Amino acid sequence: MESVIEDFKKTVISEGARQLRTSPKNIVVKCPECKEIILGREYRKSLKVCSHCQYHFRLTARERIELLVDPLSFVEIDKDLVSVDPLGFVSQNQVYAEKLAQEQKKTGMKSAVVTGHATIEGIPLALGIMDFQFIGGSMGSVVGEKLTRVIELALHKHIPLLIASASGGARMQEGLYSLMQMAKTSAALAKLSEAGLPYFSLLTNPTAGGVTASFSMLGDVILAEPGGLICFAGPRVIEQFMHERLPEGTASAEFLLEHGMIDLIVQRHALRGKLAQLLLFHQAQSQSMVETTILHTQNTQKKRSQSPSSSAA
Amino acid sequence: MESVIEDFKKTVISEGARQLRTSPKNIVVKCPECKEIILGREYRKSLKVCSHCQYHFRLTARERIELLVDPLSFVEIDKDLVSVDPLGFVSQNQVYAEKLAQEQKKTGMKSAVVTGHATIEGIPLALGIMDFQFIGGSMGSVVGEKLTRVIELALHKHIPLLIASASGGARMQEGLYSLMQMAKTSAALAKLSEAGLPYFSLLTNPTAGGVTASFSMLGDVILAEPGGLICFAGPRVIEQFMHERLPEGTASAEFLLEHGMIDLIVQRHALRGKLAQLLLFHQAQSQSMVETTILHTQNTQKKRSQSPSSSAA
Amino acid sequence: MVSEQPKQSSQYAKGKAMEYDLEFEQPLRDLAKEIHIMQQECGKLENPTRMQEAKEELHTLQQEIYANLTTWQTVQVARHKERPRATDYIHRIFENFLELHGDRSFGDDPALIGGMATFNNETVIILGHQKGYGAKDQQYRNFGMPHPEGYRKAYRLMQMAGKFHFPLICLIDTPGAFPGLGDEERGQAEAIASNLALMARLPVPIIAVVIGEGGSGGALGISVADRLLMLAHSVYTVAAPEAAASILWRDNAFAPQAAEAMRISASEVFATGIVDDLVPEPVGGAHRNPVLAASHLQIALEEHLSSLKKYPPEQLVEKRYQKFRNIGCFENSR
Amino acid sequence: MVSEQPKQSSQYAKGKAMEYDLEFEQPLRDLAKEIHIMQQECGKLENPTRMQEAKEELHTLQQEIYANLTTWQTVQVARHKERPRATDYIHRIFENFLELHGDRSFGDDPALIGGMATFNNETVIILGHQKGYGAKDQQYRNFGMPHPEGYRKAYRLMQMAGKFHFPLICLIDTPGAFPGLGDEERGQAEAIASNLALMARLPVPIIAVVIGEGGSGGALGISVADRLLMLAHSVYTVAAPEAAASILWRDNAFAPQAAEAMRISASEVFATGIVDDLVPEPVGGAHRNPVLAASHLQIALEEHLSSLKKYPPEQLVEKRYQKFRNIGCFENSR
Ligand SMILES: [Zn+2]
Ligand SMILES: [Zn+2]
């Protein structure tokens, strides 16, 4: 399920996002889509969107949180949860336990997701933000556990939930433990849904495999950034199976919108506003519900107090 | 919505079903499908199925009831409900009020549906059986009301429901009253469904328009006789809209099975058996449920009676 | 299904001069032409009184004609190419409309749109048939004739309304559900039937408004409501007049007769008791003053919604059940 | 999607002589050949003792080999072309199986079948991947790789199970959900995800059994269960070994290594605690004695179902939640 990661290895490098963070401000970035050169300052100001062709470069989890929530409102939870190597996994080139250590060192992150709670326009919400940098955002036990915990946090605090996906799928190195995180997160979301709490799912480039086939597609409202790859199997695998070239744009966010899978495509600069709007819709309804319930209670009481007299009439 | 009736006018006449009932036993019938001649006796013995090509001739409501339920078990309800002419409907050739009287005289029926309750293999169920003879089985207020009453009967008696459809759609001569019967019957079925009672929908030739787009497609299990036309708009209307000839078999029962709309196609001679099987599945479950509930109650009581001692331990 | 941006309002709304373009408006057309000639011939006010009189006559005549429309004339108004569309009402009556897309299994149908919006500080779900503006958009919208995907998107948004306790507002304006081969293949009938059953039990207030054409099952598929309203010059019918004519008269040229016989105009339907309220339209039809038309509708929606909010969900659903349960005319022959 | 009638059981079940056709069965093949030659050469019993010894040796060797299968050998057995299919178990273990068809919106998928049946006088809903028998049927069944319609039919039947309180039995045997263009278009991911959420809350006992291949999300889509069982020589994996090899080893010829590394055999998965029970198979694999294989499974199903029936629905669902909630290996780094 992690197969689409391959499709992105090249872009990861050409994107130069890492250079941006670690290098002096005057560095330039080349857009992988239109090949235009973008100045570092411009690149930052445009929220890492190419000003020539609107290509949305990937954001790290931290960058996305900064983009979306009220300043200083984010409170992280479970930040020290780290993967173990339950299967003693060794592939040709790699010992998984070593790979984990390397990735942690290289990215400065402990896992592929950042979770917590924050506010947007003053409205509280729970957040799970994935980061493609860390082993392709793949979901193993830690991603599954952290997401489940933040879903349960939303449930206990009775607040809405946002998950931003960026993942090649389930993490093969943790075997069936990874696959079962699909069931675990979906079960938690089903509980959240039963409790009548809204879940907004934001799909970013890429969202694939077991992540798409679980929590990503379960949003009450599903949003996506433009141009991102969103798929189950991914174009490379499909081409292998179908023995034919796929048309340009297959499994893009736009393809999914056309095929009825997602609600909205939102440009990066408008994301915060759209989320605020969605949160406001739900906040308005909670308030209106309280008033309506009071109204119903009053009506019921009225009826009760009237019933003796009406039966007497 | 009654548009497909046209498609059937010809077969109605050539089927000769009426001749069979009113004429001496030695009459012969010509199959509209394979053009073979069928002897009256053979025709009856084969349940009005062509022995050469398996073409299923239409059955009247009475014939279908006889075919399906335990002998003498059928108890009819609401048999005297008749249509009125709420709009004073006059079309070029016809005054609706007069047409109603004519049809009643011609068919010996008072409406296009027979409702009641009966048993199959001793298991009780509520029944609504439509009859295409009466104004193309079209649904006006009476069909809607009788079906709604028999759905409510199933609800109150807590028994399964079978509706056999045979209809060109909503009856235009009663205007919006007819359209609203779609909502009325569907609302009653939604209530039945909430109560956890099973509804089996049997689609016979033809089932079209507003009947298909309401109660016919709401079965927990949907069965159809082979070869019947089952559609929303019907081939004639589609060809007008699409300006092209449709492939043979469009909107047949087999077409619907292929497109995932129905559960089963059942030969006429096997219908009673399949319905009995479905009823038995549900009867077995009711019995098993009683046992399971007793088990749960015992367990709960056990736990309660244990809890003092276990807290003491 | 290209996601192109349609024009967001009708031409009249953009200040284009009103025309009398319907057949039965001939007297109005004549009078307007007279006035026009008067204006051109005597550029400066030669006979202001006569002009004033002519204009008043035009106004009175229009009022008279529109107060006495035949059924078929009502059909023509309801189908007027410049009649305000669902989005005209949505953008004028509601705030923050956020369109949501897709049935989550096959496609997104631009002929039946839906989304969330704010109405008097309350969140509502809106569904509406969308006929489109101008040839290109109309084609894109399939002239307001939904495919099964449209009804399944509606189903999803109805469920959302139920889950989050959002009242549901449905704007009806369709010649009917599309009768294509693909629609049979993908279950047009199933999609509509499922909506009927779902709407019957949805535990939130539902108001459906026929704003133009209420065409058959395709209209009913989003209009099982606590309150059914109709705009004064809208129609609601069991079958398109042309279809009815082609079956009962064997010639669809008899559509006017079929329309009359089926009694499909708002006032005729209102007389049956099936419709709960008529919403007035500006003189000469909603397309001559979309702002005023929207304002009338807004008032009606406010009134009905606030009256529905008095009922707890179970009571609301049971009242809705009884409302439909009691529709029908029949008698016992014994 | 032609509704043709497949052969209803495997060839071995029809009494065809057993062959040793897997690579690792070479020693068995050699020994069997020896016995065969012995039989031919000395038509009448020349040395009955030697023959008897050889046969016993064969039996012992087979037992030894199958008791010590490597992961990749297990994959080969799980994928054996004559391995009993879902229908083999269905027809042997359940009575009155009535297959139900269709997702009620697009199609019927023969790669994922479902229906009602009787199990110990109780009605159950059965779902199962169906790989098919022989080339033609296998192609018709898409080699057990469902399309979204398969998962949506399953969804519908799961809802039916919930509504009528029928326990749900799922038989898992798929290389994975089909990765085609149409599958992306019609929402393979959405269909699987919806099933995961539905199964998590379904208020009836659910038992899932991996009878052959448990391939990735396509297997999980019908296996969120109260009890997960695996047949002794089945496999369950996060990714097909070939797919994993092509990504991690950059060459799908390393599939055996990938299978070993991911620890996908029933016994390896059982060691993780994710699987609740292993169901024994006849010596040499289920395909050598489908009747016995079915009998083992029947006993396991009876045992687990009767133990699940002790719990009232709310408790059952909460226990199921906790079961999945607790799957995962991680540590706190502070
Ligand atoms: Zn660019
Ligand atoms: Zn024949």
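Throughout, a chain's letter reflects where its sequence line sits, starting with A, and its residues are numbered from 1. As the structure is a prediction and not an experimental result, all values here were calculated from the model.
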Exercise. Could you go through the side-chain contact (heavy atoms from CB on, under 4.5 Å) check for B:Tyr177 and C:Val238 one step at a time?
Key: CA-CA 8 Å; B:Tyr177 288 107; C:Val238 64; over 6 Å; no
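- Side chains of B:Lys184 and C:Lys323 form no contact here, defined as non-hydrogen atoms less than 4.5 Å apart.
- With a 4.5 Å cut-off on non-hydrogen atoms, B:Glu152 touches chain C through its side chain but not through its backbone.
- The distance from the CZ atom of C:Arg325 to the OG1 atom of B:Thr148 is 5.0 Å, given to the nearest 0.5 Å.
- Using a 4.0 Å cut-off between charged side-chain N and carboxylate O, C:Arg263 and B:Glu174 make no salt bridge.
- The distance from atom CD of C:Glu190 to atom CD1 of B:Ile222, rounded to the nearest 0.5 Å, is 7.5 Å.
- If you tally non-hydrogen atom pairs under 4.5 Å between each of B:Met242, B:Glu145, B:Gln94 and chain C, the highest count goes to B:Glu145.
- At a 4.5 Å heavy-atom cutoff, the contact between B:Val82 and chain C is made by backbone and side-chain atoms alike.
- The shortest side-chain heavy-atom distance between C:Ile192 and B:Phe232 falls under the 4.5 Å cut-off.
- The shortest side-chain heavy-atom distance between B:Gln173 and C:Leu248 falls under the 4.5 Å cut-off.
- With chain C as the partner, the residue from B:Asp85, B:Thr185, B:Leu81, B:Leu176 showing the most heavy-atom pairs under 4.5 Å is B:Leu176.
- Of the atoms belonging to B:Lys79, it is side-chain heavy atoms, and not backbone ones, that fall under 4.5 Å from chain C.
- Closest approach of C:Ala261 to B:Phe89, counting heavy atoms only: O-CD1, 3.3 Å.
- In terms of heavy atoms, B:Leu87 sits closest to C:Met262 at CD1-O, 3.5 Å.
- We find the CH2-OG distance between C:Trp249 and B:Ser91 to be 5.0 Å, quoted to the nearest 0.5 Å.
- Counting all heavy atoms, side chain and backbone alike, C:Ala193 lies closest to B:Met217 at CB-CB, 4.2 Å.
- Across all their heavy atoms, C:Arg186 and B:Met261 have their closest contact at C-CE, 3.4 Å.
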